[in-house]
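Input: a single structure, listed below in structure tokens.
Letters go in sequence order (proteins before strands), and every chain restarts at 1. All figures in this text were calculated on a predicted structure; none of them were measured in a lab.
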Amino acid sequence: MQEEIHEQMKVRLDKIPQIKDAGYHAYADRFERTHRLHEAARLDDGVKGVRVAGRIVGLRYFGKLAFGHLADVEGKLQFAVQKNKVGSQFNDLKSLVDIGDFIGVEGEIITTKTGEKTIDIDKFEFLSKSVRTLPEKFHGITDPELRLRKRYLDLIMSEESRERFKKRVKIIKTIRDFLDSNDFMEIDTPVLTNKASGALARPFITHHNMLDIDVYLRIAPETYLKRAIAGGFDKVYEFARSFRNEGLDASHLPDFTLLEYYCAYWNYIDNMNFTEKLFRHLILNVNGGLELVYGDTKISFDGEWPRISFRDLILRDCGIDINMFETREELLEEINRKGIRFEAEIDVSKAGRGTLIDLLYKKVSRPQLINPVFITHHPLDLSPLARKNDENSLVVDRFQLVVNGWEVVNAYSELVDPLDQASRFRQQAEARAHGDQETMDIDNEFLECMEYGMPPISGWGMGIDRMIALMTDSSTLRDVVLFPLMRPLS
RNA sequence: GGGCUAGUAACUCAGUGGUAGAGUAUCGCCCUUUUAAGGCGAGAGUCGAAGGUUCGAAUCCUUCCUAGCUCACCA
């Protein structure tokens, strides 16, 4: 109770000793329920001895009768309190109980004149006193900042918000069940690491006092999951909370959930086929159809999804054949000649060839991709952990699933050749030496693991939060995360 | 970081230079079928913060804080 106590709070605080004087506990230790609220709401009339508990979210008095609602995230149930049934407890309710309090009630299931399932109570128990008033009942919280900072209030007040987060639970459970039923094993890999590897991104750095070393919060679980494959697990996955010290906006969070799985003996084509199955299963089970509506956009996951190479896509969208330009200088010259400008924060003149191609793709192609499309065969220098294509050594056996202009999935045939991996790391180091920020650290421990031998592997990663935003028609990722990071109020 | 917008009672919002307002909520009274219940009455405010202009500032000016949207970069 940091701030000053205003009138309404004082009124409620003053009730706590009165609650005790009346023989209740203001903060009881337990309540034996026979049903949860949404279960009780499905019982037949006449069932007696029903005991339910919840937060009071509405309360209306009519002289010697009162109606109210108990609610939780799963549902709500109306309760009726009649003075001639509960006796002296009626006045206790009136003088001690407020909207926002938790109570437990026991009574009989009835249906009111207006047709609503109701528990007509014989008695109630006080469970927990709320000393602050809930937001206004009709509008709830509309200030987007308050909704994020005080998500619990948003959940109490907004059915839409409750449904969104329940859907998140269902999405994650559906994916987990699907992977489990396909013989994947869920494992955990470290969050604190010595190297920020597995992706191209700026990490959070923290410090371990006892070891006196700086450690990184992982940017991806990739290299550890592959170590598990080397150790003999042959299908693994992890819902990996990952951390990137970069922008923070509607489509980027500093900590987000990255689902990755790895399967030994698959290549990227097996993986694309599996991806289609996974998504069909997910969307059909959670949304009941294969079409999603996101804002004004309709997205169809039906049918076979197009598979197009990075080169063909860029050629189609801006007429540049990236295979014709083998150095970054030649490519940059061509990009400038076509009049394509990147208003990039990073210095384009320092970017490597791969980074340039990536910028080009994000500028001319990606925004146009609405329905799911597999983009394949990315430039080698953008994919230091992916296997080289057997026909064209400038590209890798990689795919991204792009939906609504978002990279939802990134996957490839994993590089398991330790000599090639060592040379890729060296290339990354060179690019960094030339000023390219978007590079990967050399990870010698990972390399050594690979030297002991890894089977063929295909790995896969998906930003869960983005997928959930797509499936819940949420315009910002912060709407699908319960408690997003906010600058503290000082 | 740039541009635009916003911050007034616990909550939702009016109020554009002249005594700080409404609804919800709270407190008191009436009411046994309501569900944004209703009726009568009352209390509740550092108008985001600091400075300035003015006889007088929620209102005009400056700076700052916070947030949302948006643009550029990152999943």
Where do N or O atoms of nucleotides 23-29 of chain B meet protein N or O atoms at under 3.5 Å, pair by pair?
| from | atom 1 | to | atom 2 | distance (Å) |
| --- | --- | --- | --- | --- |
| B/U24 | O3' | A/Lys137 | NZ | 3.2 |
| B/A25 | OP1 | A/Lys137 | NZ | 2.7 |
| B/A25 | O2' | A/Gln8 | OE1 | 3.4 |
| B/A25 | N3 | A/Gln8 | NE2 | 2.9 |
| B/C27 | OP1 | A/Lys15 | NZ | 2.8 |

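For B/G56 and B/U46, the P atoms lie 24 Å apart once the distance is rounded to whole Å. With both ends at atom P, the span from B/U32 to B/G43 equals 29 Å, rounded to whole Å. A gap of 41 Å separates the P atoms of B/U63 and B/U24, to the nearest Å.
Pairing of B/C4, defined by two Watson-Crick or G-U wobble distances under 3.5 Å, is identified with B/G68. Using N1 to N3 plus N6-O4 or O6-N4 for Watson-Crick, or N1-O2 and O6-N3 for G-U wobble, each under 3.5 Å, B/A22 pairs with B/U12. Under the Watson-Crick or G-U wobble criterion, with both distances below 3.5 Å, B/A49 is paired with B/U63.
Residue contacts for A/Glu407: at a heavy-atom cut-off of 4.0 Å it reaches the sugar-phosphate backbone alone, with no base atom in range. Among the protein residues, A/Thr142 comes within range of the sugar-phosphate backbone only, with heavy atoms under 4.0 Å from sugar or phosphate atoms but none that close to a base. Counting non-hydrogen atoms under 4.0 angstrom, A/Asp465 reaches nothing in the nucleic acid.
Screening A/Lys48, A/Gln78, A/Lys85 for a side chain to side chain donor-acceptor pair (under 3.5 Å) involving A/Asp120 leaves a single residue, A/Lys85.
In this structure, A/Leu65 atom CG and B/C31 atom P are separated by 13 Å, rounded to whole Å. In this structure, the CD atom of A/Gln78 is 10 Å from the P atom of B/U34, given to the nearest Å. Residue A/Leu359 contributes atom CG, which lies 9 Å from atom C1' of B/C73 at whole-angstrom precision.
Of the side-chain N and O atoms in A/Arg60, none sit less than 4.0 angstrom from OP1 or OP2 of B/U34.
Taking A/Asp154 as the reference, A/Arg147, A/Arg151, A/Ser158, A/Ser161 meet the side-chain contact (heavy atoms from CB on, under 4.5 Å) condition, with sequence neighbours excluded.
Under the ring-ring contact (aromatic ring centres under 6.0 Å, His included) criterion, the residue pairs touching residues 359-382 of chain A are A/Tyr268-A/His377, A/Trp305-A/Phe374, A/Phe310-A/Tyr361, A/Phe310-A/His378, A/Phe374-A/Phe399, with sequence neighbours excluded.
The side-chain ring of A/Phe67 is stacked on the base of B/U34, judged by centre separation under 5.5 angstrom and plane angle under 30 degrees.
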